[in-house]
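Note that the structure is predicted; figures quoted are calculated from it, not measured.
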Amino acid sequence: MRRWANIAQQWVKEHSLLLYAILLLSLLALALWSRYRYILGDYTFTFGSGDAHLIMVKALFLREGIVQPSPELVPVTEVFDQPPLIPMMLGGISLLASIPLETVPLVVVPIVTGIALLAFFDLVRRTFDVATATISTGLLALLPRFSFDSTEPEKMPFVVSFAVIALWLLVLSRERRWLLPFAGLFLGLAIFSHTTGYFFVPVFVLAYFSIRGVSLRTAFEPLFLSSLMIPGMFVAVYFMLANLGAPTVTTTGEVVTTGLLPGFVQLYVDVLTNMATGGITERAWNLYFEGIRHQLTTPVYVAGIAGLILAAAITIRTRRFQMMPVLLWMVILTLGFAMQYPASSHGSRYPGYVTPAFLVMAAFLVVSAFRWVLSGHRLKLLAAPAAIALLITVVGLPMFTYATASNPGLRELYGGHRDLADFVASEGILDDGSHILYLGWPSITLYLLEHNIDYIDQIHGFGFGLRDLDEFTPEFITANNIRYYADNHIGNDGFDSSDVVMAMLLENFTLTQLSKFERRSGNFITLFAIGNPAQFDEGPLRAHLSQLNAEARAFSLTANPSLIWQGDNSLASWAPNGLVALEPQPEASNSGVLVINDSQFGGIRQLIDVSSLGGRTVTAIVSLRGAGEEPARSAVLSLSQEGSAPFSQIFVPLNPGDNLVILEGQLPADIELLRITVATGRNDAGDLAIQHVYLIPETLNKIIQALEPQTVAGASQ
């Protein structure tokens, strides 16, 4: 075994340049493939987070020269509320190169991270060795969060890429002092990309002193001071730009004006000081470490911690500090993020800031194990199988896992948002000057403005604690000509803003469903047309139905449309919808139902066999009113295919007295059973009185045309 080991060592030494070239070319090919595989697979514009859309909206505004967006565009009220380098890059490239904005990230992110991979390789080669650099860089090139788990302009790859280049130039400056300002430049770019770049400042400073040695002379070296002044200039520019935006607000919508510092500066001071307050157990330790383990796979995570211990021990024993840049990166950023108060990003995005350093330590452990095996002693040769198993576990398994990682693509939530914007543009519903209201997801704003930048004065966002929801009154809706509302079924902003605004609309307007956009069952966004409660003259139609009750009942698809009770005090053919008690109306001896309600959407429903009517339009006509001492504020009439969400529905406010609700809907072509539901509106548990429910297989126009001319005089839709 020793003889073969010597032969192998001699062969490697003789062909080292060739092997080094092959490794570099292979690494470059691997990096390029891992970054462009999604483009080759037609994964265009597959954003995976709301932050990516926020960056893209800001890039769109900067491309169009908009630095102070309207407060109506919540939450994109400030272009410079975060360090703006990424949107400035994307918007500027789109403008200068005249290429679509959605294409820019597919080019910029691979280039930035590709260059960073080469810098990462040489950084690890110089501070550790070629073998460790090859293994760790190969794994990093395939790591889904760094290569793309979606083709989005996420902050982490930019910050980490610029920081890696800064550390690489810092290491090179040991022989070439003039590189120090350039190292500071890339540190500044990391900080100018996002506030998380600040974590790399102590890494940079301590790495410099570990390389040069701590002394008064090195601390005041002009080139080193210049390398710190450049990031400071980026911070100053950011603060100047942030002052151009609207006043910074808290999550409760309160403007920050107290104290000596401007509000946007005070927010960052609060973040730093909060790290020194509160209990340790309240921090993000467990969530963050679990996020790292999940992204790396357990073998790499464990090996990374073991490699850190080994590298620290070697550094302390030999007093050689060349490995300190990566050691400091791993320790300072891991502790820094773990000491924060927990947020969802600690389990998703934030681990990406330290996973490259974990990969280096895991690779270093494997390489050290093989060196120990090949060092020559017979007893150590017995450890060869264990070293090979370690290599397969720490390198082979993750390599396969990363290379075959599936791309989540366009998340269903944001897919529905894009479908909504496509529908708005294709149907031209805003072309007449109408306005639209929605929970201010940046994705909706981006997709709408991509279709037509002129929509910018016709779109209104709310939520995220940035505006007082009391602003959204019926008068606001009318004054701004808001005729459409996009309701997120799933996707709260943490303040229940959708429920608050929806409640206001339900109590004051009629909401008629125009379309529903669903990428995954149960996850959809619904577009409603906002109308006044009385959309046409109801009197003649109501009178006609009361006069021709028998004929209408015979023509209706619904069984028992007049809600006649049986002798056993049951409501034939109708079933309760929700937690309700059904009783005969007190003022009617044998018809109508009183719904004593304990839940939202409480009412009645009926299943109807419409298998022979697929594709036809039906019209539902319901007479109802609020009832009892706790009347409902609103009601919903919906048509749905059994087991599916409604394909047609209308919400109406319940005015005093009788209300007539009319809903047209086109049946799906493959429908067999149709469910018609009459219930209270969203977040409404009031009581409801229903007189009759007709479902007629005709359009409303044909029903109206069938009335006697003298009966329908004056009726209009």
Side-chain angles (χ1 to χ4, degrees), residues 489 513 516 521-522 545 549 552-614 618-628 630-632 634-652 654 659-663 665 667-668 670-697:
H489 178 68
Q513 178 177 318
K516 180 169 65 69
S521 179
L545 290 171
N549 196 27
R553 184 166 60 251
F555 194 42
S556 176
L557 295 173
T558 48
N560 190 19
S562 292
L563 308 176
I564 299 174
W565 290 76
Q566 293 182 315
D568 60 356
N569 209 32
S570 65
L571 188 62
S573 302
W574 291 93
N577 192 78
L579 301 175
V580 298
L582 306 181
E583 301 176 2
Q585 289 193 82
E587 62 273 17
S589 59
N590 65 344
S591 64
V593 60
L594 179 63
V595 178
I596 308 299
N597 186 21
D598 290 323
S599 64
Q600 66 171 334
F601 302 126
I604 58 174
R605 66 177 185 267
Q606 184 179 118
L607 283 178
I608 306 166
D609 184 357
V610 292
S611 55
S612 62
L613 300 175
V618 296
T619 301
I621 305 173
V622 178
S623 177
L624 46 71
R625 57 186 169 83
E630 298 179 358
S634 62
V636 59
L637 169 59
S638 65
L639 304 176
S640 59
Q641 193 166 358
E642 178 65 0
S644 301
F647 60 82
S648 186
Q649 62 180 333
I650 183 172
F651 290 90
V652 296
L654 289 181
N659 297 263
L660 191 67
V661 183
I662 300 176
L663 173 66
L667 300 176
D670 60 347
I671 192 169
E672 294 185 359
L673 292 178
L674 171 69
R675 172 182 283 186
I676 180 170
T677 303
V678 183
T680 57
R682 198 166 84 176
N683 297 327
D684 192 347
D687 297 341
L688 193 65
I690 308 170
Q691 183 62 48
H692 62 238
V693 183
Y694 296 110
L695 184 66
I696 301 173

Asker: Would you find a donor on one side and an acceptor on the other, under 3.5 Å apart, between the side chain of Thr680 and the backbone of Gly602?
Answerer: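 Flag set: sc Thr680 to bb Gly602 pair under 3.5 Å.
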Asker: Less than 4.5 Å apart, side chain to side chain, heavy atoms only: is that true for Thr619 and Leu695?
Answerer: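 No, their side chains stay 4.5 Å or more apart.
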Asker: Could you grab the distance from atom OG of Ser556 to atom NE2 of His692, nearest 0.5 Å is fine?
Answerer: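 Reported to 0.5 Å precision, the distance equals 9.5 Å.
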Asker: So, does Trp574 use its side chain to make a donor-acceptor pair with the main chain of Ala559 at under 3.5 Å?
Answerer: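 Present.
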Asker: Side-chain contact test, heavy atoms from C-beta onward, threshold under 4.5 Å: evaluate it for Leu637 versus Thr677 and give yes or no.
Answerer: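 The answer is no; the side chains never approach within 4.5 Å.
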Asker: Is there a donor-acceptor contact under 3.5 Å linking the side chains of Asn560 and Ser573?
Answerer: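 Looking only at side-chain atoms, Ser573 and Asn560 do not form any donor-acceptor pair under 3.5 Å.
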Asker: How many angstroms lie between CG in Leu654 and CG in Leu688, if you round to the nearest 0.5 Å?
Answerer: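 So the gap between those two atoms works out to 6.0 Å.
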Asker: In terms of heavy-atom contacts, does CD of Glu672 have more than 12 from other residues, nucleotides or ligands at under 6.0 Å?
Answerer: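 Counting other residues, nucleotides and ligands, CD of Glu672 stays at 12 neighbours or fewer.
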Asker: Would you call Val580 and Asp598 a side-chain contact if the rule is heavy atoms closer than 4.5 Å?
Answerer: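 When only atoms from C-beta onward are counted, Asp598 and Val580 do not touch, as no gap falls below 4.5 Å.
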Asker: Working note: Val652 + Asn659, criterion side chain to side chain contact (heavy atoms under 4.5 Å, CB included); need CA distance, chi angles, decisive distance, verdict.
Answerer: CA-CA 9 Å; Val652 296; Asn659 297 263; 5.9 Å; no
Asker: With a 3.5 Å cut-off and no angle check, do the side chains of Ser640 and Ser638 form a donor-acceptor pair?
Answerer: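 No, no side-chain donor-acceptor pair sits under 3.5 Å.
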Asker: Would a 4.5 Å heavy-atom cut-off, applied to side chains only, mark Val636 and Ile650 as touching?
Answerer: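 Heavy-atom side-chain distance check fails, nothing below 4.5 Å.
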Asker: Apply the test side chain to side chain contact (heavy atoms under 4.5 Å, CB included) to residues Ile596 and Glu583: give CA-CA distance (whole Å), side-chain angles for both, the deciding distance (0.1 Å), then the verdict.
Answerer: CA-CA 8 Å; Ile596 308 299; Glu583 301 176 2; 4.1 Å; yes
Asker: If you measure from CG on Leu563 to OG on Ser623, what distance do you get to the nearest 0.5 Å?
Answerer: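 The OG atom of Ser623 is 9.5 Å from CG of Leu563, to the nearest 0.5 Å.
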Asker: Got a second to check how far Asp670's CG is from Gln641's CD, nearest 0.5 Å?
Answerer: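 Between atom CG of Asp670 and atom CD of Gln641 there are 5.0 Å.
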Asker: According to side chain to side chain donor-acceptor pair (under 3.5 Å), who are the partners of Gln600, at least two apart in sequence or on a separate chain?
Answerer: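 Scan of Gln600 (side chain to side chain donor-acceptor pair (under 3.5 Å), adjacent residues dropped) gives none.
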Asker: Does a side-chain heavy-atom distance below 4.5 Å link Phe647 with Lys516?
Answerer: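 The answer is no, as the side chains (C-beta and beyond) never meet within the 4.5 Å cut-off.
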Asker: Using every non-hydrogen atom in the two residues, find where Ala627 and Ala689 come nearest and quote the distance to one decimal.
Answerer: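 Of all heavy-atom pairs spanning Ala627 and Ala689, the closest is CB-CB, 3.5 Å.
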Asker: Got a sec: does the CD of Glu630 have more than 12 other heavy atoms crowding it under 6.0 Å?
Answerer: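 Atom CD in Glu630 is not crowded, with 12 or fewer foreign heavy atoms closer than 6.0 Å.
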Asker: For a 4.5 angstrom cut-off between non-hydrogen side-chain atoms, does Leu674 reach Leu639?
Answerer: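 Sidechains of Leu639 and Leu674: in contact.
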Asker: Tell me, do Thr558 and Ile608 make a side-chain contact under 4.5 Å, heavy atoms counted?
Answerer: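 Yes. Closest side-chain heavy atoms under 4.5 Å.
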Asker: Has the side chain of Asn597 got a donor or acceptor atom that lies under 3.5 Å from a matching backbone atom of Gly686?
Answerer: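 Yes; judged by distance alone, with no hydrogens or angles, the pair exists.
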Asker: Can you tell me if Trp565 uses its side chain to pair, donor with acceptor, with the backbone of Ala572 under 3.5 Å?
Answerer: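 No: the side chain of Trp565 does not pair with the backbone of Ala572.
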Asker: Does the side chain of Ser591 reach to within under 4.5 Å of the side chain of Gln585, using non-hydrogen atoms?
Answerer: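 Ser591 vs Gln585: side chains apart.
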Asker: Checking the side chain of Asp684 only, and the main-chain atoms of Phe601 only, is there a donor and an acceptor separated by less than 3.5 Å?
Answerer: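 Between the backbone of Phe601 and the side chain of Asp684 there is no qualifying donor-acceptor contact (under 3.5 Å).
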Asker: Could you check Asn569, Leu594, Leu571 and say which one makes a side chain to side chain contact (heavy atoms under 4.5 Å, CB included) with Pro584?
Answerer: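 Answer after filtering Asn569, Leu594, Leu571: Asn569.
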Asker: Side chain to side chain donor-acceptor pair (under 3.5 Å) with Asp687: which residues, sequence neighbours excluded?
Answerer: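 Residues passing side chain to side chain donor-acceptor pair (under 3.5 Å) with Asp687: none at all.
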Asker: For a side chain to side chain contact (heavy atoms under 4.5 Å, CB included) check, start with the C-alpha distance between Arg605 and Val678, then their side-chain angles and the critical distance, and finish with the verdict.
Answerer: CA-CA 6 Å; Arg605 66 177 185 267; Val678 183; over 6 Å; no
Asker: Decide side chain to side chain contact (heavy atoms under 4.5 Å, CB included) for Ile696 and Val618; before the verdict, give the C-alpha distance in whole Å, the side-chain angles of both, and the deciding distance to 0.1 Å.
Answerer: CA-CA 6 Å; Ile696 301 173; Val618 296; over 6 Å; no
